[in-house]
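For reference, the structure discussed in these notes is given below.
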Amino acid sequence: MMRLHQTGRIVLVVQALLLSALALAGILAAAGSPTGVGHVAGFSLNTPHSVLLLATGVVSGFTALWSRIGRRWAMIQAVLYTLAFVIGTAPSNGRSQDTWLALNTPDHFLHLGLALLGGVLSTALFWPALSGDRAVSRILPGDPPPTEQRSLTSRAEESEETRDMIAAEVAVTEGQATPEQARRVHEDAQHRADADHRRAWKQSDEPMSNGGS
C-alpha cells in the first residue's frame, strides 16, 4: 500500500523529466528552424508550445515534494490540458499550423494523455495525508484542520462538551438523567464499543497478515 502512496510523486517526477527534456529540445529545434517550428520525436514544437511544456515539467517536479500540493496540481493539469486538447483539435481536426501553438496530431495525443494522467493522479488514492507534510499542504476544503491549528474557541467547545458528557454520565449513574442525557450517554457508550471492536479486529488481523507474508 505504501508503494501505491508514493506512485503519484514518482509519476510527477518522471513526467517532469520527460516534459522538460522534450521542451528544451523543442526550444532548440524551433530556434534553428526558419519557420520557427521544430520537430522532435514526431511532435511539432514552436517556442510557446515548448515553454508551456517546460513550465508543466518544472511545476510537476516542484509539486511532487508535497502531498496535497501535488494533488492540486494534478487537478489543474487535467483541466489545463483538457482545454488544450479541445481548443487544439476543434479548429484543426488534426492538421498542423492551424493554431498559434502550431500543433499536429501527436501533440493532441500528448495533451490528451497529460489530461488523463492528471485526472488519474488527482484522486485521493495517490495522495494520503502524511505526517511529514507541512500542515498547510494537508488541508483541503472540508477537511478538519490539524490540532495545532484549531482555534481556541473550538477547543473551549470541546472542553464544554466533555464537561456536559461527564455530567450526563453522573446523572445516569444517580438515576436523575434527562432523556437527552440518557441518549447521549448511550450513544457515547455505543461509539466506544464500536471503536474497541475495530481495534480488537485490527490487532487480531495483524498476526494473520504477518504470518501470510
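Residues take their numbers from the sequence shown, with the count starting at 1. The structure presented is a predicted model; accordingly, all values stated were derived computationally and were not measured.
Here V40 pairs with L22, A25, A29, L45 under the side-chain contact (heavy atoms from CB on, under 4.5 Å) rule; sequence neighbours left out. Residues meeting the ring pair (Phe, Tyr, Trp, His ring centres under 6.0 Å) test with F62, sequence neighbours left out: W66. Take E180 and apply the side-chain contact (heavy atoms from CB on, under 4.5 Å) test, not counting sequence neighbours, and it matches T178, R183, R184. In this view, A84 and Y81, H111 satisfy the side-chain contact (heavy atoms from CB on, under 4.5 Å) rule, not counting sequence neighbours.
Residue D107 holds its CG atom at 12.0 Å from OG1 of T89, rounded to the nearest 0.5 Å. To the nearest 0.5 Å, atom CZ of residue F85 and atom CG of residue L112 are 4.5 Å apart.
The other residues sharing a hydrophobic cluster with L54 are L24, I27, V58, where clustering joins ILVMFWY side chains under 4.5 Å apart.
A donor-acceptor pair under 3.5 Å is absent between the side-chain atoms of N104 and the main chain of H39, judged by distance alone.
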Which donor-acceptor pairs under 3.5 Å do the side chains of residues 13-20 make with protein atoms, sequence neighbours left out?
| residue | atom | partner | partner atom | Å |
| --- | --- | --- | --- | --- |
| Q15 | OE1 | Q77 | NE2 | 3.0 |
| Q15 | NE2 | S60 | OG | 2.7 |
| Q15 | NE2 | Q77 | OE1 | 2.7 |
| S20 | OG | A16 | O | 2.7 |

(Q) Could you go through L110 and L53, starting from their C-alpha distance and side-chain angles, then the distance that decides it, and tell me whether this counts as side-chain contact (heavy atoms from CB on, under 4.5 Å)? (A) CA-CA 10 Å; L110 173 63; L53 295 178; 4.2 Å; yes
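Closest approach of A23 to S50, counting heavy atoms only: CB-O, 3.1 Å. Across every non-hydrogen atom of A74 and S122, the tightest pair is CB-N, 3.7 Å. The nearest pair of heavy atoms linking L12 to W73 is CD2-CD1, 4.1 Å. Residues S44 and V37 share a closest heavy-atom pair of OG-CG1, 3.2 Å.
Results of the side chain to side chain donor-acceptor pair (under 3.5 Å) test with D188 over H186, R192, Q190, H191 single out R192 as the only residue that passes.
By the criterion of side-chain heavy atoms lying less than 4.5 angstrom apart, applied directly or through intervening Ile, Leu, Val, Met, Phe, Trp or Tyr residues, L117 is grouped together with I76 in one hydrophobic cluster.
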